[in-house]
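Just so we're on the same page: letters track the sequence lines, and every chain starts at 1.
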Amino acid sequence: MLLSGLAVLLAAISLLWMFQGIGGGNREFILRLRGGKLAALITVAASIGVATVLFQTVAANRVLTPSIMGFDALYILLQSVMVASMGSAGVAGFPDIAKFLVEVGAMSMLAALLFGMLLARRGRDIPRTILTGVILGVMFRSMSGFLTRIMDPNEFAVVQAASFASFNHVDTTLLPIGAALTTAAIMIALWLSPRLDVMALGREPAVSLGLRFDTMVIGALMLVAVLVSVSTALVGPVAFFGLIVAGLAHGLTQSARHTALLPAAALIASILVVGGQWIFERIMGQAATLSVVIELAGGIFFLYLLLKGRIR
Amino acid sequence: MRLLPAAATVVLVILMLASLLIGVAQVDLLAAWRDPYAMLVLMESRLPRTLAVLLTGAALSVAGVVIQSLVRNRFVGPDTSGTAEGAALGLLAITILVPGSPIWLRMIAASASAMVTTALFLAVIRRLPVREVMLVPIAGLVLSGVLGAIVTFVGWQADLMQYVGTWLMTGEFSGVIAGRYELLWIAGLAAALAWFAADRLAILSLGDQVATGLGLSTATVMRLGLTVVAVVTAMVVTTVGMIPFIGLVVPNLVARVMGDNLRASLPVVAVSGALLLLTCDLVARLAVYPFELPVGLILGILGGGIFLWLLHHRPAHG
Amino acid sequence: MITVEGVNHQIGSVRILHDIRTRLPEGRLTALIGPNGAGKSTLMRLIGRLEALQSGRITVAGHDLATTRTGELAKIMAILGQNTAIASRLRVAELVGFGRWPHHKGRPRPQDRDKVSQALEAFALTSLANRFLDEISGGQAQRAHIAMSFAQDTPWLLLDEPLNNLDMAHARGLMTLLSELVRGQGRSVAMVVHEINYAAAWADHVIAMKDGRIMAEGDPDTVLTEAVLSKLYDTPVSVGRHRNRPLVLHHA
């Protein structure tokens, strides 16, 4: 019921996005352009929404996002390492899609290893775990800045670009493969839903119920890594947006069932991003950037949760 | 342990000499007084740069001690308390509202605004559950993030992103020459002010009840501490850009060795901060010589590593 | 029967358990007692495979923990740990419903729903079935967790300090229910008990632990004696009798 409502809303906003203010001119061109961007926005939004819900289930915590814990920083670092180790020439000769797939693969392994260890060791001391993740994120960002600078000492922009997301300039070369990966990851997550439901109970009850908990943690973290890689590759890092989406998904569904939560998160995120981008791009004429506003709202929401004592 | 301050000072002097010598232009210190070009390089570039690094490292570390006393938590620093973002916000505001404003006005705006946002941080953490030591730095980091988003938003609107970048991204000293760093002396003075209030800050960190019991006006000390942190941060942000972690890790490292008698430890904190930053600056200058890396990047990696070590290898009291 | 052979456990450099060797009899209510830090919970968690076994061997009803799939074990034993904080917002009935998960893996059948209503009924939770866990008291939540383990419907039920948060009446109610499970349905229950008189009043078999070793084991009359308990707790204890069972007097 809720899901179909959300789906209808998203469809309406998408139609608005596609056909609003379309002139008599080169309709086909405009439609193709808008369609590509719409697909990209939805891919990114769904990735972030589903990744956040998954991650919160793994961490048994409702205030974390993969990005707060340094996932996207790790991806950006991986990208820099790729470029650095292969040399700019080597990467140029390498097809984008193959390079991306290698990155996603490495990212899944590394994220599962690193964050799996972190969550396993500090499972009960959530604040310390968060802090560790945040600091790791800062370190990863500095390291990628360091690598970038070493490769090209005059390169200022890269570090900066890596710290901002932009919904205005979506990298569409990676869109088809990104969309495919996102779809696959979400499908797998849906298939795992019953197990995710049990996992959300926490380690002890889940083990008692016979769930192979540690395997599930690794698996879920790998899915998160894939989704974060896609969204980061397409638009850049988005830290707090997922928090709002996951919060809304839990609040609106009033359910702990992932069969409801995951699609709800994907739909809500898409509605917010497509709707928000439509307003910022068409109504306000690029007066501000959506990503900044989203981050602002998300950060304030996080502080609100913190003050409400929800972070424990 | 007694020898530590002395040893640190000796190392500092050696590094200072190194800092004077290293650079694209070859300078012979002994012959410099006869060579006008060498003298020019020394006085206009090398010496100012070295002094700037020393002042920044010392002042930020002392500011770190102060903010840690104010919030009674070891895991915060002037870079994670919304202070730097506050200073940037003040600078943005004055740049937009009073274009071409004189430097002193800009400094006052930056300091005042930094003070307001740091006070906001204090207000936020006062409402957190007392026992949750780790939530305080998280709150600080997120508040910094939120303020940073506001700064970015305003900077974007006003087309001032370039400035925002130099203030808040990674600080570096490559642009320092004579005439462009002197504001940092104000930061040094503010840090010295903290030394005079060292006992009060030490008592304040014991808690409101103890402080009041000892007849200390906590509000006055709070204001003084806020002023020190805000002024130091504002000066650093405007001159060289924010440098991460130094104000956070140096006080922790010193406290591990010396404890928290601030009157004795503050000078050591200052020297150690200067030492750490100078080391990092030298690394930044030499890593891809003749090019330079922003020292903020080095500290982002090194300081982050030290922080993680502190976080996981020290009992979690705050 | 649960057999424990040569189990050692250490956390960091601290030895928690020293070469534990014991048997928990089938069809009985077994109580693990002992002072704080004796290793009772660790032993319970090792049996319940909540902790990984470092050395030795444990079998539950003939199934070796090391070689049996965790999903199979979930149909043989249910374990309730002490850490019952749950991040997700669940209704009581949903939580108890998870007890059936090992049997249906996400597709509840009618008989699963029946078991859930029975569990709710047995723990007087029917009226709270649709309340969220964070809206009920700590004791009620504790009962909901026990009901979940109950609904798991396994031959073995392991409980780590299940009486925490329960008031006198509910603690007694739980013990009555557990002994009914043992005597009426032939199930086996093992529990860590903090308040020794619950062991004295209800247990069929008592294992007394101290400093990571088993100090005494056997039926309550042989273990719950003044000599054993005084040594176990390093404090003088006198033991009286009440309704033909030991009654431990340790408050004064």
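Only the side chain of C:Leu95 comes within less than 4.5 Å of a heavy atom in chain A; its backbone stays farther off. Residue C:Met148 touches chain A through its side chain alone, counting heavy-atom pairs closer than 4.5 Å. Interface remark: C:Gln82 contributes backbone atoms only to the contact with chain A (heavy atom separation under 4.5 Å). Contact of C:Arg100 with chain A is not made at all, since no heavy-atom distance falls under 4.5 Å. Contact annotation for C:Leu50: both backbone and side-chain heavy atoms come within less than 4.5 Å of a heavy atom of chain A.
In summary, the side chains of A:Thr52 and A:Thr65 do not present any donor paired with an acceptor at a separation below 3.5 Å, with no hydrogens or angles considered.
Listed here is the closest heavy atom pair of C:Ala199 and C:Ile33: CB-CG2, 4.0 Å. Residues A:Val228 and A:Pro66 share a closest heavy-atom pair of CG2-CB, 3.7 Å.
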Worked check of ring-ring contact (aromatic ring centres under 6.0 Å, His included) between A:Phe301 and A:Phe240
CA-CA 9 Å; A:Phe301 183 58; A:Phe240 294 114; over 10 Å; no

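In terms of non-hydrogen atom pairs under 4.5 Å with chain A, the most contact-rich of C:Ala78, C:Gly71, C:Gly106, C:Ser149 is C:Gly71.
A donor-acceptor pair under 3.5 Å links the side-chain atoms of C:Lys40 to the main chain of C:Pro35, judged by distance alone.
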